[in-house]
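Just below is one structure, and these are the notes that go with it.
Quick note: numbers below take in every heavy atom, side chains included, and nothing from hydrogens, waters or symmetry partners. Counting starts at 1 for both ligands and their atoms, following the listed order.
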Amino acid sequence: MAKKPVVLVTRKLPQAVHERLKRDYEPRLNLEDRLYSGEDLVRLAEGADALLPCPTDKLTAAVIEKLPASIKIISTFSVGYEHIDCAAAKARGVLVTNTPDVLTDATADITMLLLLGAARRAYEGERMVREATWSSWAPTGMLGTHVTGKRLGIFGMGRIGRAVAKRARGFEMQIHYSNRRRLPADQEHGAVFHETAEDMLPHCDFLSINCPASAETYHWLNAERIRLLPKGAIVVNTARGTIVDDEALIGALKSGHLAAAGLDVFENEPNINPNYRPLQNTFLLPHLGSATTDTRNGMGFRALDNLDAYFAGKTPPDRVA
Ligand code: DGY
């Protein structure tokens with residue numbers, strides 16, 4: 001019987017994914033779910049044929065250069081792949097794949113949770129109930145921002161941006177979007193395309209960030225762009241923390257220029273900018289966008305589909321580098 005490929009799996013994955021890994025591969029599992037350093041990755045990858053990492057693994061050029069030559073493919077358990085230096089992988093002839101599609105719905109769902117939670121002051125309300133500081137229903141108490149019928153600007157109209165638009169239409173929101181390319185007419189469903197984000201921002205009662213992290217989108221939402229948003233706008237980010245300049249966002253939340261923010265992702269997770277914590281007008285989640293059992297199974301299976309294709313001598317369906 002042919003030897004099964006050895007796969008270094010850097011984090012503990014759902015049971016169903018482990019079962020498939022054990023059936024088809026010789027997996028090196030991390031059942032304790034310890035966070036590996038770059039040095040750990042290099043050492044543990046010795047003699048392995050593939051890596052199955054997560055966004056928490058920093059596969060920098062320095063780490064990739066030291067990986068054993070036996071590693072031929074990096075199949076990340078994530079749609080985002082900015083944690084992998086693709087140029088370094090390419091230079092070593094290592095393929096990189098990701099897991100698109102399977103987390104679109106879960107991420108769009110949590111975008112709506114954040115949008116509603118930030119608009120309707122869910123964090124403050126939750127605390128009042130739990131901490132017994134809720135004294136009475138009040139005609140003017142805890143007033144939030146109305147969502148139905150408002151304008152939602154989506155920055156990045158890929159799969160997730162489009163799934164957010166679909167959900168927001170259920171709230172009769174008017175969709176505006178900024179994207180590298182205009183969508184074909186049959187995919188716009190009445191959404192208003194803006195050639196530039198700067199053109200779109202003044203039309204956003206809500207702004208949802210749904211673009212990939214890259215050098216071009218680093219700190220894209222800065223003080224200058226925040227000023228283009230109408231006073232009282234609400235910002236939601238389920239993409240990557242690095243797209244937002246935290247100091248600028250915190251400043252606008254404190255000054256009242258922005259009414260609120262709903263954030264699932266942060267720069268330097270989990271060591272987020274501590275100045276978010278005391279802000280009452282934020283609704284904060286610990287990167288839960290794809291955190292449903294169905295979605296995490298789907299991500300694992302998709303990562304394995306890519307490995308299966310590679311080891312069957314085919315081009316993996318989700319090759320990104
Ligand atoms: C991804 O897959 O990139 C997500 O951020 C994980 O939730």
What protein heavy atom sits nearest atom 3 (O) of ligand 1, and how far off is it?
R240 NH2, 2.6 Å

Going by atom types alone, do Y36 and D57 pair a side-chain donor with an acceptor below 3.5 Å?
no

Report whether V17 and F311 are members of the same hydrophobic cluster (ILVMFWY, side-chain heavy atoms less than 4.5 Å apart, transitive linking).
yes

Tell me the protein heavy atom at minimum distance from atom 1 (C) of ligand 1, and give that distance in Å.
V79 N, 3.4 Å

Interfacing atoms of ligand 1 (cut-off 4.0 Å, heavy-atom, H287)
4 (C), 5 (O), 6 (C), 7 (O)

K58 atom NZ: more than 12 heavy-atom contacts under 6.0 Å
yes

Look at atom CD of E198 and say whether more than 12 heavy atoms of other residues, nucleotides or ligands are closer to it than 6.0 Å.
yes

Have a look at Y177 and tell me which of R162, E188, H194 forms a side chain to side chain donor-acceptor pair (under 3.5 Å) with it.
E188

Quick one: which ligand 1 atoms are inside 4.0 Å of a heavy atom on S78?
1 (C), 2 (O), 3 (O)

Ligand 1 to M299, heavy atom cutoff 4.0 Å, flagged ligand atoms 2 (O)

In ligand 1, which numbered atoms sit nearer than 4.0 Å to a non-hydrogen atom of S290?
6 (C), 7 (O)

For a salt bridge (charged side-chain N to carboxylate O under 4.0 Å, His left out) check, start with the C-alpha distance between D105 and R167, then their side-chain angles and the critical distance, and finish with the verdict.
CA-CA 10 Å; D105 286 330; R167 284 154 177 73; 3.1 Å; yes

Number the atoms of ligand 1 from 1 as they appear, then name those within less than 4.0 Å of a heavy atom of L103, with their elements.
1 (C), 2 (O)

